[in-house]
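None of the values given here were measured: they were computed from a predicted structure. Atoms within each ligand, like the ligands themselves, are counted from 1 in listed order. Sequential numbering from 1 along the given sequence is applied to the chain's residues.
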Amino acid sequence: MSFSSEQPKKRIFSGIQPTGNLHIGNYLGAIKNWISLQQDSETIYSIVDLHALTLDSNLETLNESVYEVTAAIIASGIDPQKSIIFNQSSVKEHSELCWVFNCVAKMGWLNRMTQFKEKAGKKRENASVGLYNYPILMAADILLYRATHVPVGDDQKQHLELSRDIAQKFNLDFKKPDFLKAPEPLIQKNFARIMSLKDGLKKMSKSDPSDLSRINLNDTKDQIINKIKKAKTDPLPLPDNETELKKRPEAENLLGIYSSLSEQNLEKTISEFNGKNFSEFKLKLADLIVDKISPISNEINKIQKDKNFIDDVLQKGADKANIIASKKIKEIKKIIGF
Ligand code: AMP
Ligand code: TRP
């Protein structure tokens with residue numbers, strides 16, 4: 001796919017934070033979608049290191065995590081020949097546009113963001129201003145490239161709605177109807193939110209202190225088998241219908257992972273395992289995960305050792321992203337009157 005600074009019909013933008021190893025939630029909720037979009041669209045994927053600065057816990061490992069995450073998305077199937085892959089901090093226009101949007105967005109809009117509330121928790125006063133502003137930088141990422149579609153997991157929906165509000169208010173404030181185009185979210189209909197293996201009501205997350213709560217893309221076969229064995233369940237055999245399944249979050253999550261990885265619908269998975277015990281189902285699930293994830297894991301290890309290759313991919317990606325971003329920021333500055 002060749003990229004131009006002109007607007008194509010379909011341009012995809014998405015980002016992922018360099019905050020440790022990716023897990024199957026990232027893979028099934030977002031990256032799997034990113035891969036298929038490469039076939040027929042311009043695709044731009046950013047390692048959003050500026051976003052990672054919002055939490056102190058990410059600082060020490062930031063540099064290493066950029067290599068890890070870049071290796072992981074390439075190993076999963078994002079092809080540097082087809083997609084732009086770049087580091088957010090290497091294109092200065094993201095920060096520049098973020099400031100403009102800081103002055104467009106309203107405090108009240110940000111106060112509604114549930115991710116900030118979750119991440120800041122009880123220590124709200126101690127949270128960084130960056131964590132509060134996080135969705136504004138995200139709007140800058142998207143609108144800078146005039147992305148038409150943004151594939152994300154279910155948890156980012158609210159942030160995309162904010163991007164839409166910012167685009168509309170910018171157009172209104174500066175009397176430029178239709179200049180910034182609000183993107184369409186691309187959220188998978190099924191299995192858009194993979195839950196923790198230890199708690200079916202909590203999202204699977206890189207920041208969960210327990211490694212047993214997630215399957216990382218670079219886990220070994222033994223680690224995967226062990227984590228599935230220890231995954232939380234309930235005492236009943238697996239149900240024969242979706243209504244019953246909905247009442248049992250851990251069972252729903254594990255059957256969902258099975259369905260998503262095997263690309264079959266939930267109904268079929270339910271009929272395959274109905275009446276079976278978890279122990280039997282877990283063996284099948286562990287086998288399937290090993291089957292799908294081990295090749296990715298081997299590839300991550302291979303790519304990660306070649307830092308020159310990763311540097312080269314990111315540099316070439318940044319050069320291409322820069323052409324689009326610098327043109328856009330010039331137009332924006334002109335509209336503002338700078
Ligand atoms: P993050 O790791 O927060 O930078 O997220 C990267 C991408 O993975 C985003 O599109 C998220 O929506 C998606 N994602 C993260 N965790 C999950 C999860 N547990 N289930 C589904 N998608 C997820
Ligand atoms: N906030 C997103 C997440 O945590 C990552 C992200 C940053 C992003 N900028 C983006 C996603 C722009 C889509 C588009 O998952």
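For ligand 1, one of its N or O atoms has an N or O atom of Asn26 under 3.5 Å away. The shortest N/O to N/O separation between Gly25 and ligand 1 falls below 3.5 Å. Residue contacts with ligand 1: Asp155 is placed with a nitrogen or oxygen under 3.5 Å of a nitrogen or oxygen of the ligand (distance criterion only). Ligand 1 has no N or O atom lying under 3.5 Å from any N or O atom of Asp154, backbone or side chain.
Judged by the 6.0 Å and 45° rule, Lys328 forms a cation-pi pair with Phe179.
Under a 3.5 Å cut-off, the side chain of Glu250 and the backbone N or O of Asp234 do not form any donor-acceptor pair. Of the possible donor and acceptor atoms, none in the side chain of Tyr132 sits under 3.5 Å from a partner among the backbone N and O of Phe116.
Atoms of ligand 1 lying under 4.0 Å from any heavy atom of His23, numbered from 1 in the order shown and given with element: 16 (N). Near Met204, meaning under 4.0 Å from any of its heavy atoms, are these atoms of ligand 1: 16 (N), 18 (C), 19 (N). Shown in contact with Val152 at under 4.0 Å from a heavy atom are these atoms of ligand 1, numbered in order with element: 10 (O). Ligand-side atoms of ligand 1 in range of Gln156: 12 (O), range being under 4.0 angstrom from any heavy atom. Shown in contact with Gly29 at under 4.0 Å from a heavy atom are these atoms of ligand 1, numbered in order with element: 21 (C), 22 (N).
The stretch residues 301-311 participates, sequence neighbours left out, in these side-chain hydrogen bond (donor to acceptor under 3.5 Å, both in side chains) pairs: Glu64-Lys307, Tyr67-Asp311, Glu299-Lys302.
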- Message: With salt bridge (charged side-chain N to carboxylate O under 4.0 Å, His left out) as the criterion, how do Arg214 and Asp211 come out once you've worked through the C-alpha distance, each side chain's angles and the decisive distance to 0.1 Å?
- Response: CA-CA 6 Å; Arg214 60 186 165 259; Asp211 195 52; 3.4 Å; yes
- Message: Apply side-chain hydrogen bond (donor to acceptor under 3.5 Å, both in side chains) to residues His23 and Asn216 and explain how you reach the verdict.
- Response: CA-CA 4 Å; His23 51 72; Asn216 301 307; over 6 Å; no
- With salt bridge (charged side-chain N to carboxylate O under 4.0 Å, His left out) as the test, would you mind laying out the steps for Asp208 and Lys202 before giving the verdict? CA-CA 10 Å; Asp208 193 313; Lys202 228 170 91 184; 3.3 Å; yes
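There is no side-chain donor-acceptor pair under 3.5 Å between Asn274 and Asn241.
The proximity of Arg193 to ligand 1, defined as any non-hydrogen pair under 4.0 Å, is limited to the backbone. Only the backbone of Ala192 comes within 4.0 Å of ligand 1, counting heavy atoms alone; no side-chain atom from C-beta on gets that close. Contacts with ligand 1 closer than 4.0 Å are made by no heavy atom of Met195, backbone or side chain.
Within a 6.0 Å sphere centred on NZ of Lys284, other residues, nucleotides and ligands contribute 12 heavy atoms or fewer.
In terms of protein heavy atoms, atom 7 (C) of ligand 1 is closest to Ala30 CB, 3.7 Å. Taking atom 4 (O) of ligand 1 as the reference point, the nearest protein heavy-atom neighbour is Gln17 N, 3.1 Å. Among all protein heavy atoms, the one lying closest to atom 9 (C) of ligand 1 is Gly153 N, 4.0 Å. For atom 2 (O) of ligand 1, the closest heavy atom belonging to the protein is Lys206 NZ, 2.9 Å.
Using a 4.5 Å heavy-atom cutoff, the side chains of Asn133 and Leu110 are in contact. Between Leu53 and Asn58, every side-chain heavy-atom pair lies at or beyond the 4.5 Å cut-off.
Taking each heavy atom of Ala147 and Pro183 in turn, the nearest pair found is O-CB, 3.5 Å. The two atoms that bring Arg248 and Leu236 nearest to each other are NH2-O, 3.1 Å, heavy atoms only. Here the shortest heavy-atom pairing between Thr54 and Tyr134 reads OG1-CD1, 3.9 Å. The two atoms that bring Ile224 and Ile289 nearest to each other are CG2-CG2, 3.7 Å, heavy atoms only.
Sorted by chain then number, the residues whose non-hydrogen atoms approach ligand 2 to under 4.0 Å are Phe13, Ser14, Gly15, Gln17, Val48, His51, Tyr134, Met138, Asp141, Ile142, Val150, Val152, Gln156.
For the ligand labelled ligand 1, residue His51 lies outside the 4.0 Å heavy-atom shell.
In this comparison of Ile194, Asn253, Leu22, Asn33, the heavy atom closest to atom 18 (C) of ligand 1 sits on Ile194.
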